[in-house]
Every structure is written in C-alpha cells, then in structure tokens.
Amino acid sequence: MLSVAPVLISAQGARGPMMGGLMTPPASQRPPGLQFVGIEQHLNAEVPADLEFRDELGNPVKLADYFGHGRPVILNLGYYQCPMLCSELLQGLVGSMKALTFDLGKDFDVVTVSFDPRETTEMAAAKKRDIIKRYGRANADQGWHFLTGKADQINALTKSVGFEYQFDPKTEQYAHAAAIVMLTPDHHISGYFYGVEFPPKDLRLGLVQASQNRIGNIGDQVLLYCYHYDPRTGKYGAIISNILKLAGLATMLILGTFMFVMFRADRRFARVADRRADPGELGRVT
C-alpha cells in the first residue's frame, strides 16, 4: 500500500497547503506518486450537507442525516480494502474513544466514508462489524456510520475538507494521508488530528470544542481555557498566559478564604475572651 506520513518537510520559502505543522511542498516538488497527496486545512469551512451516499445497509443517505442532533461528528476518510494504514487509523481511533467517558451515538457520532467509488456496501458492512466489535459498547452501531458513494459526491466531500489522495493504477492502491476531521453539529470544520493514534485528552477536548460546549463539564471548559487547538500541529497546546492567570486567581481565592476563616476565628476568640472577662456574663452563663 502507498501511504504518506502526516508531516512533510519543505524547503525554506516553499509555498503550499498546511499539513501536520509544516508546509507541504508544491506538487512539482513532491516525490513521484505523491504529487496530489496531502491535507489542506479548511478550518471553519462548511461541509456540504446535501451530498448523497449509501450506508452499510445499502440505504441512500445524505450527509445531513448525521447532523442537526446537537452532536459533533468525527469524519474519517479512507477505503475499506486498504491493506494497512486505514485499519491502523480505525483501531487507533477506537482505542482513544474507549478511553473517553463520552458515548458514541449519544455524545458524538463518527462517519467513515470510503473515497474509493468502486467499494461496495458489503465491504462497508464488514468493516463496521469489525470496528463496532472492537469498540465494544452497547448501541455503538447507532453512532458509527460507514458510507460508500459515487465519485462526484466523494470528490466534493474530500475537496471541502482539503483531503488530497492519489490512485496508483499499477498497484491499484491509494496514496493518502492519515487524519480525522472534527465537525460541528452544523457541519463546519473545527479541527484536524493527524496520524493513526490520537491522545484521549486531545480527542476529548476536540469533541468538546466541536460540540460548541454541548458536551463536557466545567473541567473541560477550564482545560479549553488553558489549552488551545494549534492547527500547525493538530494538537492542543498550553497557553501559558492563561494558565498563569488561573494560577493567580486560584492563589487569590485560597488567600482570601484563609484570611476569611482566620478573621472569623479571631472574632470568635475575642467574644469568648470578653465573656470570661465580664463577671456578669459569667454569672448568667453559670
């Protein structure tokens, strides 16, 4: 199988789409067979919801069917007969999802789309059975959808998210990058995660951010204040200034609480001392 790593090194001053934190070299400077392979980020762009596919049961569906429920969507592009890379990505995604407290189909959805128009619904169904079994949670099949489609619909989807791939007629395989795309409930692009393994912390924060705060808790909001998505790396990095602000606020709260407690204790001690010093008060007490 032909594949390309999610990071391509470029010469100084080269211009091209962003991919994995570095500039992808222009097509003319890429290795043979990889001229049209890469990921060009389209952050905040809207993915067309009227694109038509077929699900793993052969039913005609539109991309819009998987949105409008208030849940973020993880978009995974690959092909079901991929000998290695696509399966590794799916297994890595499953492993990260199992580490989350979020439930597939309740808190978020996953849509896997084959970019090979020759693939069939039977292939999609077989891949879904394997992946859902690996995930192992109840009702997960309601939240993970495996689609096939015609070339024009596939091309429209891959173009909208900046996913570039190339078919090699000699091997009859595809060269492509490994990544997942985070989509908001109103099908806008929120972020990209590269590789075949995804840190659960980044995946959780990506889902919370893509959900537009519909899922997660106050702890996630604090983390999103301290960690921001970096499109150059496809990861969440610490914002030192925000962390220092929170640390300063926490310090002030701790000192304020300590001073309040000590002030209350000092007043109680003063009242007791006054009572002991007043014979009339002691008489009333006895």
Side-chain angles (χ1 to χ4, degrees), residues 1-4 6 37 39 47 51-63 65-67 71-100 102-158 161 163-168 171-183 192-198 203 207:
M1 181 200 69
L2 294 175
S3 64
V4 60
V37 178
I39 294 177
V47 176
L51 298 178
E52 298 178 345
F53 298 93
R54 288 192 178 273
D55 66 13
E56 65 277 353
L57 299 177
N59 299 318
V61 296
K62 289 187 176 182
L63 208 59
D65 296 338
Y66 307 112
F67 295 89
R71 298 191 295 266
V73 174
I74 298 175
L75 176 64
N76 160 231
L77 295 165
Y79 65 111
Y80 302 126
Q81 292 185 304
C82 179
M84 183 172 61
L85 187 62
C86 299
S87 295
E88 289 183 354
L89 186 152
L90 287 171
Q91 292 175 27
L93 180 57
V94 165
S96 297
M97 287 166 49
K98 290 172 71 173
L100 302 180
F102 297 152
D103 288 321
L104 179 61
K106 176 184 177 183
D107 300 306
F108 68 100
D109 293 293
V110 181
V111 176
T112 296
V113 182
S114 169
F115 53 68
D116 185 349
R118 304 170 301 172
E119 294 196 321
T120 65
T121 56
E122 289 78 14
M123 296 175 186
K127 181 62 69 174
K128 177 170 182 173
R129 286 193 296 270
D130 175 56
I131 295 302
I132 294 300
K133 182 178 180 181
R134 290 176 183 270
Y135 183 59
R137 293 192 189 177
N139 302 317
D141 59 328
Q142 302 299 314
W144 199 325
H145 315 279
F146 289 72
L147 311 183
T148 54
K150 295 181 180 180
D152 61 332
Q153 304 295 290
I154 294 170
N155 291 337
L157 176 59
T158 56
V161 300
F163 187 90
E164 302 171 348
Y165 57 100
Q166 187 169 338
F167 182 70
D168 181 7
T171 62
E172 295 192 347
Q173 295 176 12
Y174 287 90
H176 63 92
I180 58 175
V181 185
M182 289 287 183
L183 302 177
Y192 296 77
F193 292 87
Y194 302 109
V196 297
E197 295 182 352
F198 311 98
L203 190 63
L207 286 170

If you compare all heavy atoms of [X] against all heavy atoms of [Y], which two are closest, and at what distance to 0.1 Å?
X: Cys82; Y: Ser87; result: O-OG, 4.0 Å
X: His145; Y: Gln142; result: CE1-O, 3.2 Å
X: Thr121; Y: Gly58; result: CG2-CA, 3.7 Å
X: Pro72; Y: Asp107; result: CD-O, 3.2 Å
X: Ala179; Y: Leu89; result: N-CD1, 3.5 Å
X: Cys86; Y: Gly78; result: SG-CA, 3.8 Å

Salt bridge (Lys or Arg N to Asp or Glu O under 4.0 Å) partners for Arg129, two or more places apart: none
Residues forming a salt bridge (Lys or Arg N to Asp or Glu O under 4.0 Å) with Asp141, sequence neighbours excluded: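 Testing Asp141 for salt bridge (Lys or Arg N to Asp or Glu O under 4.0 Å), a comparison that skips the adjacent residues, returns none.
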Heavy atoms from other residues, nucleotides or ligands near CG of Asn139 exceed 12 (cutoff 6.0 Å): no
Partner set under side chain to side chain donor-acceptor pair (under 3.5 Å) for Asp109, not counting sequence neighbours: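 If we apply the side chain to side chain donor-acceptor pair (under 3.5 Å) test to Asp109, skipping adjacent residues, the hits are Arg71.
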Pairing residues for Glu52 by the side chain to side chain donor-acceptor pair (under 3.5 Å) criterion, not counting sequence neighbours: none
To the closest 0.5 Å, what do you measure between [atom1] ([X]) and [atom2] ([Y])?
X: Asp55; Y: Asp65; atom1: CG; atom2: CG; value: 9.0 Å
X: Lys127; Y: Leu90; atom1: NZ; atom2: CG; value: 6.0 Å
X: Ser96; Y: Gln91; atom1: OG; atom2: CD; value: 12.0 Å
X: Lys62; Y: Gln153; atom1: NZ; atom2: CD; value: 9.5 Å
X: Leu63; Y: Leu183; atom1: CG; atom2: CG; value: 8.0 Å
X: Met182; Y: Ile74; atom1: CE; atom2: CD1; value: 4.0 Å

Step-by-step side-chain contact (heavy atoms from CB on, under 4.5 Å) determination, Ile131 to Thr112: CA-CA 11 Å; Ile131 295 302; Thr112 296; over 6 Å; no
Residues Phe167, Gln173; criterion side-chain contact (heavy atoms from CB on, under 4.5 Å); working and verdict: CA-CA 6 Å; Phe167 182 70; Gln173 295 176 12; 5.9 Å; no
4.5 Å side-chain heavy-atom contact, [X] and [Y]:
X: Val37; Y: Gln166; answer: yes
X: Phe53; Y: Val111; answer: no
X: Leu203; Y: Phe108; answer: no
X: Leu104; Y: Arg137; answer: no
X: Val47; Y: Val181; answer: no

Results of side-chain contact (heavy atoms from CB on, under 4.5 Å) for Ala124 - residues two or more places apart only: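 With sequence neighbours excluded, Ala124 shows a side-chain contact (heavy atoms from CB on, under 4.5 Å) to Glu56, Tyr80, Phe146, Thr148, given in chain and number order.
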Stepwise side-chain contact (heavy atoms from CB on, under 4.5 Å) test for Leu207 and Leu100: CA-CA 11 Å; Leu207 286 170; Leu100 302 180; 3.9 Å; yes
Lys/Arg-Asp/Glu bridge criterion (N-O < 4.0 Å) met for Arg118, Asp116: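 Yes.
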ring-ring contact (aromatic ring centres under 6.0 Å, His included) contacts in which one or both residues fall within residues 111-135, not counting sequence neighbours: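 Checked against ring-ring contact (aromatic ring centres under 6.0 Å, His included) - neighbours excluded - the pairs reaching residues 111-135 are Tyr79-Phe115, Phe115-Phe163, Phe115-Tyr165, Phe115-Tyr174, Phe115-His176.
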Salt bridge (Lys or Arg N to Asp or Glu O under 4.0 Å) partner of Asp130, the single match among Lys128, Lys133, Arg134: Arg134
